Protein chains: 2
Amino acid sequence: MGGGDNALLPVAPVFLKSLRDHVYGLVRDAILSGRLKSGEKLNERHLAGQLGISTTPLKEALRVLEAEGLVRPEPRRGIYVTFNAGQAEEMMLARAAIESMIARQAAKRVKDEDVAVMRELIVEMRTGLETVDVLQFIALNERFHNVIHEASGCGYLRRLQGGQSIYTHAARLSVLSEERERFLAVEEHEAIANAIVDRDPDLAERLMRDHVIRSGEKHLVRVSQA
Amino acid sequence: MGGGDNALLPVAPVFLKSLRDHVYGLVRDAILSGRLKSGEKLNERHLAGQLGISTTPLKEALRVLEAEGLVRPEPRRGIYVTFNAGQAEEMMLARAAIESMIARQAAKRVKDEDVAVMRELIVEMRTGLETVDVLQFIALNERFHNVIHEASGCGYLRRLQGGQSIYTHAARLSVLSEERERFLAVEEHEAIANAIVDRDPDLAERLMRDHVIRSGEKHLVRVSQA
DNA sequence: GGTTTTAAATTGATATATCAAATTTCAGGT
DNA sequence: ACCTGAAATTTGATATATCAATTTAAAACC
């Protein structure tokens, strides 16, 4: 049964959201971090017992993971982890595709108040290069992407992107720990902001796509080295 | 409780795949076709009873629908249908984003044997304009997109696109019933094929995106009129 | 000893029961 | 009549039990 016997610890008796969402996060993180390896079979009873819960919320969590493509059910046989470097890259490409579509829509629909916020954020990020720490810089980073999401008015695309992304807070932490990456991020963000402010959907889409792919490849290289 | 009392009929005692997948398809189609309206609350026990099944497979199906953004759970209150014209358009945009990313990758990785198949298919589609019926034309259409998917080598993106798409066989049937649409489809497919054959990722991506959006808008207009 | 057959164990799929939060109902008070 | 709050009801969340397909074990047979 592989080396996954202690890849997951029992859930604490206190949890914020519902049990199934909590478990979903646990299993998902275990897969993405490699503690549950590709090809490994997930035994529902085992896993539920290990987590100290019943199979009902676990089954729901596994269903979502299947929809996200992290596990694959063999009919009447069981559920297997399917995640490797190639899929990680494709997930990054999916994020690039969706995020750039959002940027495109934002460039079409952006309102004057959004423009003001974006300009302000760009200034903050640029000055932040020298004044704030990495965590604060990441916060600015996420606020920037959020402003674009808001401006696009695309609630569905936004949710879709959040679900399939392997970009967690931790992943950003890894890439933006390099000073050069922080500098590049500001440069690219500024170019994207300008394209949106200029109402240039084609340019905004292209710049966003290249930005996500470039920083994404950087991240993939990092995790593959570790 | 809304007009949804007979929006879903009990599942037949025989079904191909698992019960949960079957139920997932039923509920999903009911939402996309409008038989289950946006804002309607889904009562798990009611719905399970109506379908003649237990709540376990239904809960799993609802979880997948949530991941796809067709229903939204209110914490500790229930699950509500969320689907409207705006979201339908965003789903189409998501398909455009992912499909165009696939086309981009295909243009990077396409092999000579793929090129041969694509050229052949283009010829078939062009002659098919005059010789085959709509169903056969749609089959050619789907084969063309499949060849691009194969050439891209992007299994994850491909699965992702299939899951979120509202483009079913029926939707294609609607759009391609117009002769002008079939003509346009061939024109656009040929341009896309040429871009991929020429190993031009930027062009392939743009043409595919525009193709999906244009025909998608066409479909959305049609369903909104009906 | 090796192959086939059959019985036991495993396990995902489904059904049912229990629990607790949230809503509704209704009695009691002003 | 109109609040107020407690009891009953509803219902999603969770747990447990049952079922059937699959795999494994073992026994029977050649």
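In what follows, chains are A, B, ... by sequence order, proteins preceding strands, each numbered from 1. These numbers come from a predicted model, not from an experiment.
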- prompt: A:Glu44 side chain: which of D:dG12, C:dG12, C:dT16 is closest?
  reply: C:dG12

field: d(NZ, A:Lys41; C1', C:dG12) in whole Å
entry: 8 Å

- line: Applying side chain to side chain contact (heavy atoms under 4.5 Å, CB included) to A:Glu66 and not counting sequence neighbours gives A:Arg63, A:Val71, A:Pro73

query: Over how many whole Å does the gap from B:Leu19 atom CG to C:dT16 atom P extend?
result: 12 Å

Salt bridge present between A:Glu178 and A:Lys218 (N-O < 4.0 angstrom): yes

- line: Here the distance between atom P of C:dT11 and atom CG of A:Leu47, to the nearest Å, is 12 Å

task: Verify the contact: side-chain N or O of B:Ser54 to OP1 or OP2 of C:dT14, cut-off strictly under 4.0 Å; return yes or no.
output: no

- prompt: For B:Glu60 and D:dA13, what is the distance between atoms CD and C1' respectively, to the nearest whole Å?
  reply: 14 Å

message: By nearest atom, which of the nucleotides D:dT18, D:dG12, C:dT14 is closest to the B:Arg45 side chain?
response: D:dG12

message: Quick check: on DNA chain D, is the nucleotide nearest A:Pro57 upstream (toward 5') of the one nearest B:Leu42, or the reverse? Name the residue that is more 5'.
response: B:Leu42

query: Nearest of D:dA15, D:dA13, C:dT11 to any side-chain atom of B:Lys59?
result: D:dA13

query: Under 30°, 30 to 60°, or over 60°: which ring-plane class applies to A:His189 and A:His145, parallel, tilted or perpendicular?
result: perpendicular

field: B:Glu90 side chain vs A:Leu157 backbone, donor-acceptor pair below 3.5 Å
entry: yes

message: How many whole angstroms separate atom CD1 of A:Ile79 from atom C1' of C:dA13?
response: 12 Å

message: Can you tell me if B:Asn43 touches the phosphate of D:dG12, counting only side-chain N or O atoms and a distance under 4.0 Å to OP1 or OP2?
response: yes

message: If you assign each of A:Thr56 and A:Gly78 to its closest nucleotide in DNA chain C, which residue comes earlier from the 5' end?
response: A:Gly78

- prompt: A:Glu66 has an atom CD; how far is it from atom P of C:dG12, in whole Å?
  reply: 14 Å

field: Separation of atom CG in A:Leu62 from atom P in C:dG12, rounded to whole Å
entry: 9 Å

- prompt: What pairs meet the side-chain hydrogen bond (donor to acceptor under 3.5 Å, both in side chains) rule with one or both residues in residues 78-88 of chain A, with sequence neighbours excluded?
  reply: none

query: In whole angstroms, how far is the P atom of D:dG12 from the CZ atom of B:Arg63?
result: 11 Å

